[in-house]
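Contents: one structure, followed by commentary.
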Protein chains: 2
Amino acid sequence: MTARRARRTRRVTLRDVAAAARVDPSAVSRVVNNDPRVSVSEATRQRILEKVAQLGYRPNVGARGLRTSKTWTIGFVLPSLGNPMYEPIVRGVETEAHERGYGIVLGSQIEGRSPGTFASLLQEGRVDGLLVASSSLHDDFIRDIIEHGPGPVVPVNRRVEGVKSCVVVNDEAASAKAVHYLAGLGHELIGGIFGPSEIDTAIRRKKGFLEAVAEASVSSVGVDRPGWTAEHGYTAARQILRDAPEVTAIYASTLLMGLGVLRAAAEEGRAVPSSLSVICLHDNPAVSAYLVPPLTTVRLPTEEMGRRAVQLLIERAEGGPERAIMIEGDGEILERASSGPAPTSR
Amino acid sequence: MTARRARRTRRVTLRDVAAAARVDPSAVSRVVNNDPRVSVSEATRQRILEKVAQLGYRPNVGARGLRTSKTWTIGFVLPSLGNPMYEPIVRGVETEAHERGYGIVLGSQIEGRSPGTFASLLQEGRVDGLLVASSSLHDDFIRDIIEHGPGPVVPVNRRVEGVKSCVVVNDEAASAKAVHYLAGLGHELIGGIFGPSEIDTAIRRKKGFLEAVAEASVSSVGVDRPGWTAEHGYTAARQILRDAPEVTAIYASTLLMGLGVLRAAAEEGRAVPSSLSVICLHDNPAVSAYLVPPLTTVRLPTEEMGRRAVQLLIERAEGGPERAIMIEGDGEILERASSGPAPTSR
DNA sequence: CTGGATCTTTCAAACGGTTGACCTCACCCG
DNA sequence: CGGGTGAGGTCAACCGTTTGAAAGATCCAG
C-alpha cells in the first residue's frame, strides 16, 4: 500500500524551532527579531538560525500582531481596477509595502458599499491603516471612515476637506503644462473635460487648466462630468464639438476620457491631429501608445505617489504627525500622434 | 484650554463588552458567534447584543484566527492590474469573498518576485488559501508555491499540469465561436494571435481556433507571442499583415492584443472593418466600446469565474476535495464596428 | 424537602508570539 | 574570599478569542 501524502504539513511554530535548537522559545524570538536587549552567544545564534532555515520557520503574523498590535498589513481602498491609470499607483503601493514587510489588503469600492465596510478593516484589526485612492468617493464618505476607524487613514491622489494627511501629485501644474503645450502649437480655442466637480482632484485639474488658459491668452470651453470613464469623455467631447466646433484641441482629465474623445472625434468626422489635437493627463504606455492614433499624454509620477503614500501611512501608524505631501514636478509631456500644430485658419 | 481630542479610540474588545454587560467574556463570544451548543437566556442575550452595538464591538480577526486557525482572508496573486480583462475577475473574487466574510490580500506578480514571496502568505498564516490568476507564470512556479505553502492553492483562468483544482472558462469554445463568426461573414483566410505557447490558457485558445478553422474549411495563419499585451498584439499583427496580406480577418487572444491589432492595421493602411475585420476574446465594455473603431469581442463569464474560484478555495480550505471547474458557455459575441463581411474579392 | 435533570453562566486552557524581569554562572577585583 | 558585573539564557505574563468542562441556579417530580 503506497504511503499517502501527509494531509498537510503543519505550520512550523516558534516552539518547534526552539525544541530543535534546544533553547527557550524566547531565545528564538529574540534572534529572529534581532532583539538587541538580550544577548545570545554566537554559537546558539547560529544553531537557531540554522534550524529556522532548515525547518522553514516563518512567524505567524496573527499571533505576532496580537502581542504587538501591529498587523503588518495595509488596507487599500480603490475604485474599479478597470482604470489603467491605477496600475502604476498599485504597483508603487505594492512594491513599497512589500519592501517594508507589509502586505496589502484590497478594499474595492463596489457600488453601494458603505463606509462601515472599510472602517471595519481597521476595527477588526485586519490592517494597521488605510489608503483611500478613490477619486469618486464623496468627502463625507471618507471622513466617515476616518471617524469610525481606529487607525490612520490617508487619501491618495486626492485631498479631503478637513483631513490633513494626503499624498497627491501636482495635477494643477500638469494640466497647465498641457494647456501651454497646446497653446505653443498654435491652438487658440481649447476644449477642457473635467471630472466630478465636487472632488478635489477634478477641481485642481480644472483650476490649472483655466489659469493656464488665461495666462496663455487663449480661449476655452470646459465641461464637467460626474465620473472619469471613457463614456464621460465621449459625451463631453460630443457636446464640445457640437457646441463649439471651432475648437482645435481638447484636453481630457484622464486617459480613459481621452479614449472617449478619440471616438467622438472620429464620429464627428474630425481627423486627429490634423483637425483636432487631443491630450490627456496620466499615462499608461501599455494602452496609450497603441490607440489609433497614439495618444499624447502628460505623465505624472504616480508610482512614486503610491510609494510615498505607503511611507506616510506607516509613519502615521507609528505615531508620526499628519502631513500633506505633494509630489513635485509638473509632469512630462509624452508627445504621440494625437497632437499637432493647429490647422491654419483659412 | 481646549480639550485635546483623544489620541486614538482604543479598540473595543470582548472584555469591554463583557464588563459592560456584566457577564463573562465567553458568554459574549457565544452570543456573537451564535454558538448553538450553549444556551444563554434571552434576557442576557439582548443585553449583550445591545452593548455590542452600543460600543461598536468587532472581533479581532487576528486573535480569532490564532484560536481557530482561520484567518478569513484569501490571497490573490495576479499580474499587472493594467490589463482591463482582470477587472471583472477581481470584481467577482472581491464580491464573493466579501459576501462570505473573507478579505482579499493582493499579491501582485511584480518582475522577479520569487514563488517564496507568495508561499509565505500561507506560511505566515496571513491567508487561508491562495488564488493564482496569472496567465504568465510558468507552471513550475505555481507548483513551487503549492509545494511550500501549507494551504490550498487554486489556479484561476488557467490549468496547471499536475494540479487538479482550477477554475476556467471555456476558452476553446469561445475561440471557436469567434472563428465561426468570421467564417460566417465570408472570411476565408484568418489570422490568429496567441499567447505564450507553454501556458495552458494560450494552448486552449489556440486549439479552439485551429479546430474551428478546420471545421469551417477556411485557412489560417497563426502567430504565438510570449505575452498578452498590446505590444504583443501589435508586432504579431504587423507580421501577419506583411507575411500574408491576403488575410481579411484577425482573431486576437485578448483585448489588449486586439488594441495592438487595430494600430497595426492603421499603420499598414488596412481599413477596419472594410478591408480587415478584428475580433478578440474577453470584453471590457468600458474600453472596447470606445476604441476607434469599437472592437468586436467575445464576452466570457469572467466575473462568475472569480466567484466560483473563491467558492472552490473556501471549500478546499474547509477540507473539501480537489476539483476542476469549467464554467459552461461558449461566450457571447458582442458585435461592434471592427468586424464585417469579407471584402468581395476583385 | 430532596435529588436529579436542565438551563444558564463562569472557569481556565489553549492558539503562537513577544518581552520585562529574573536566574545562573564564570570571572575579576580589591 | 566576598561581592560586583556582565554574558547567556529562561520564566511567565500577556495580547483577544474560542471552547470543553465544571459550577450554580432553577425547576419539577417523588
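Note on naming: letters A, B, ... go to the chains in the order of the sequence lines (proteins, then strands), and numbering restarts at 1 for each one.
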First and last nucleotide of DNA chain D, 5' to 3', lying under 4.0 Å from heavy atoms of chain B: D:dG16 to D:dA21
Touch class at under 4.0 angstrom, heavy-atom based, for B:N33 against every strand present: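 It contacts sugar-phosphate atoms only.
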Touch class at under 4.0 angstrom, heavy-atom based, for A:R30 against every strand present: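 Base: the residue A:R30, judged by heavy atoms under 4.0 Å, touches a nucleobase.
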ring-ring contact (aromatic ring centres under 6.0 Å, His included) contacts in which one or both residues fall within [range], not counting sequence neighbours:
{"range": "residues 301-324 of chain A", "value": "none"}
{"range": "residues 86-108 of chain B", "value": "B:W72-B:Y102"}
{"range": "residues 37-65 of chain B", "value": "none"}
{"range": "residues 122-146 of chain A", "value": "none"}

Would you confirm whether [X], through its side chain, and [Y], through its main-chain N or O, come within 3.5 Å as a donor-acceptor pair?
{"X": "A:D35", "Y": "A:R30", "result": "no"}
{"X": "A:R158", "Y": "A:L137", "result": "yes"}
{"X": "A:E96", "Y": "A:G306", "result": "no"}

The single option from A:R308, A:E328, A:M326, A:M305 passing side chain to side chain contact (heavy atoms under 4.5 Å, CB included) against A:V169: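 Of A:R308, A:E328, A:M326, A:M305, side chain to side chain contact (heavy atoms under 4.5 Å, CB included) with A:V169 is met by A:M305 alone.
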Axial bend angle, the helix from C:dC1-D:dG30 to C:dG30-D:dC1: five-pair end segments, nearest 10°: 70°
CD1 on A:I146 to CG on A:L122, rounded to 0.5 Å: 10.0 Å
Within residues 63-72 of chain B, residues whose heavy atoms come under 4.0 Å of DNA chain C: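 The answer is B:L66, B:R67.
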Contact list for DNA chain D against residues 38-61 of chain B - heavy-atom distance below 4.0 Å: B:Y57, B:R58, B:P59, B:N60
Any residue of residues 12-20 of chain A with a heavy atom less than 4.0 Å from an atom of DNA chain D: none
Neighbour count above 12 (heavy atom, 6.0 Å) for A:E99 CD: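 Enclosed.
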Atom CZ of B:R22: over 12 foreign heavy atoms under 6.0 Å: no
Please give me the minimum heavy-atom distance between [X] and [Y], naming the atom from each residue.
{"X": "B:P59", "Y": "B:V32", "result": "CG-CG1, 4.4 Å"}
{"X": "A:C166", "Y": "A:V154", "result": "CA-CG1, 4.1 Å"}
{"X": "A:E94", "Y": "B:G107", "result": "OE2-CA, 4.0 Å"}

Of all pairs that satisfy side chain to side chain donor-acceptor pair (under 3.5 Å), the ones with a partner from residues 60-69 of chain A, not counting sequence neighbours: A:N33-A:R64
Which residues share a salt bridge (Lys or Arg N to Asp or Glu O under 4.0 Å) with B:E322, sequence neighbours left out: B:R316
Chain A contact limits on DNA chain C, taken 5' to 3' with a cut-off of 4.0 angstrom to heavy atoms: C:dG16 to C:dA21
Stepwise side chain to side chain contact (heavy atoms under 4.5 Å, CB included) test for B:V77 and B:L131: CA-CA 6 Å; B:V77 178; B:L131 252 28; over 6 Å; no
